[in-house]
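Side-chain atoms are counted along with the backbone in the values below, which use heavy atoms only and exclude waters and symmetry mates.
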Amino acid sequence: MLVHSKAARRAVHSVFFLLFVPVFALPLLVIVAASFATNWSGALPSGATLTHYQDIVRGDSLDALVTSVLTALAASTAALTAGTWAALAAEKLGPRTRRVLDALFLLPVAVPSVVVGLSLLVAFSRPPFLLNGTPQIVITAHTVLVTAFAYQSVTAALARLDPAYEQSAAGLGARPAYVLWRVKLPLLLPSLTAAIGLCFALSMGELSATMMLYPPDWMPLPVQIFAATDRGSLFAGAALAVVLMATTLLVLLAVSRIRTRATYR
């Protein structure tokens, strides 16, 4: 819309595709092609086969996928709950206290995730909070890492929310709890669904902290992808990566449909 002439629009579109295809689209397409390949000849993989996907169905990779989905669901739900609660509370705080709260929530994403994993490993390796070697410590790590995104998303939505709705409900005699559940949260629903979708996608792809914490019986799919490529099974790792991408996209599409319905209700 900022470019009016046809020639300028064509130039902008050409530059976009020249940057987008090699940087974003082409690597993903190569991964998809590698997942069906048996060898690498020249610049691209070759030798079509479905063996890698058959191995996923027959092996323990489906268990790893289920582990990733369960971890992401638990972490994103916990992150959305904590982030929404904190954002609603911060709305009533003073500017200084709010800045402190913002810094606390942003701290886990301001440092490398491996540092977060190490800190949780040290903190929860002794009673009474002995979580080391359990699935709960992996879910906790993912929750810590993605809560900041839920908090920021809900905080931004609250800043855009028209206070007239809340004031009108309160003026009609509605109690604060009723205003929250029947007025405020429904208005925030599109932002809440966007936040949980983002948290889910980030959790599905988390690797650094997970590598330090996961127990043998709770191995998420990114760890298995790393293990496969580390031992030289590049094509098998590519197939696992495609399954991870497809699952994440399907969940995000489902969340997007929910968000669209919530927006136009």
Side-chain angles (χ1 to χ4, degrees), residues 23-24 27 67-126 129-161 188 190-215 218-223 225-226 241 244-245 248-249 251-252 255 259:
V23 176
F24 295 99
T67 298
S68 288
V69 172
L70 292 178
T71 300
L73 286 174
S76 57
T77 302
L80 183 67
T81 303
T84 303
W85 190 359
L88 290 170
E91 191 182 24
K92 307 299 182 183
L93 300 177
R96 291 185 178 180
T97 309
R98 190 182 306 172
R99 283 196 293 269
V100 172
L101 190 61
D102 291 344
L104 288 174
F105 274 95
L106 289 176
L107 182 61
V109 297
V111 300
S113 57
V114 67
V115 176
V116 175
L118 179 61
S119 64
L120 292 175
L121 187 65
V122 173
F124 297 119
S125 292
R126 294 287 186 274
F129 302 109
L130 181 58
L131 297 179
N132 189 11
T134 66
Q136 285 75 23
I137 195 170
V138 179
I139 296 173
T140 301
H142 285 221
T143 303
V144 170
L145 290 169
V146 303
T147 298
F149 299 96
Y151 173 76
Q152 288 295 320
S153 178
V154 178
T155 299
L158 285 171
R160 298 191 302 267
L161 193 63
L188 292 174
S191 297
L192 295 179
T193 53
I196 198 170
L198 176 61
C199 292
F200 181 89
L202 293 171
S203 177
M204 285 289 287
E206 209 295 314
L207 177 62
S208 299
T210 308
M211 287 287 292
M212 302 189 66
L213 298 170
Y214 79 95
W218 194 263
M219 179 189 290
L221 195 55
V223 177
I225 294 172
F226 175 82
L244 180 64
M245 287 191 298
T248 305
L249 287 174
V251 174
L252 291 180
V255 172
R259 183 187 181 191

Could you list the donor-acceptor pairs under 3.5 angstrom formed between side-chain atoms of residues 145-152 and any protein atom two or more places apart in sequence or on another chain?
from: T147; atom 1: OG1; to: T143; atom 2: O; distance (Å): 2.4
from: Y151; atom 1: OH; to: D102; atom 2: OD1; distance (Å): 2.4

Heavy-atom nearest pair, P108 first then L104, reads CD-O, 3.5 Å
Which heavy-atom pair separates L101 from A90 by the least distance, and what is that distance? CD2-CB, 3.5 Å
Please walk me through it: do H142 and T210 pass side-chain hydrogen bond (donor to acceptor under 3.5 Å, both in side chains)? CA-CA 8 Å; H142 285 221; T210 308; 2.8 Å; yes
Looking at every non-hydrogen atom in both residues, tell me the closest pair between L93 and R98 and how far apart they are. O-NH2, 3.2 Å
Who pairs with T84 by side-chain hydrogen bond (donor to acceptor under 3.5 Å, both in side chains), at least two apart in sequence or on another chain? none
Backbone N/O of C199 and side chain of S76: donor-acceptor pair under 3.5 Å: no
Do V154 and S191 come within less than 4.5 Å of each other through their side chains, counting heavy atoms only? no
Qualifying residues under side-chain hydrogen bond (donor to acceptor under 3.5 Å, both in side chains), relative to T97, sequence neighbours excluded: none
So do the side chains of V114 and L118 get within less than 4.5 Å of each other, counting heavy atoms only? no
Indicate the atoms forming the closest heavy-atom contact of G117 with M212, along with that distance. C-SD, 4.3 Å
Can you tell me how far CG of L252 sits from CE of M204, rounded to the nearest 0.5 angstrom? 9.0 Å
Non-hydrogen atoms of L80 and L192 that approach each other most closely: CD1-O, 3.7 Å
Please evaluate residues W218 and T134 with respect to the criterion side-chain hydrogen bond (donor to acceptor under 3.5 Å, both in side chains), reporting the C-alpha separation (whole Å), side-chain torsions for both, the decisive distance (0.1 Å), and the verdict. CA-CA 8 Å; W218 194 263; T134 66; over 6 Å; no
Would you say that V138 contacts Y214 through its side chain, given a criterion of any heavy-atom pair below 4.5 Å between the two side chains? yes
Closest non-hydrogen atom pair, S113 against S208: OG-CB, 3.1 Å
Can you tell me if T77 uses its side chain to pair, donor with acceptor, with the backbone of A74 under 3.5 Å? no
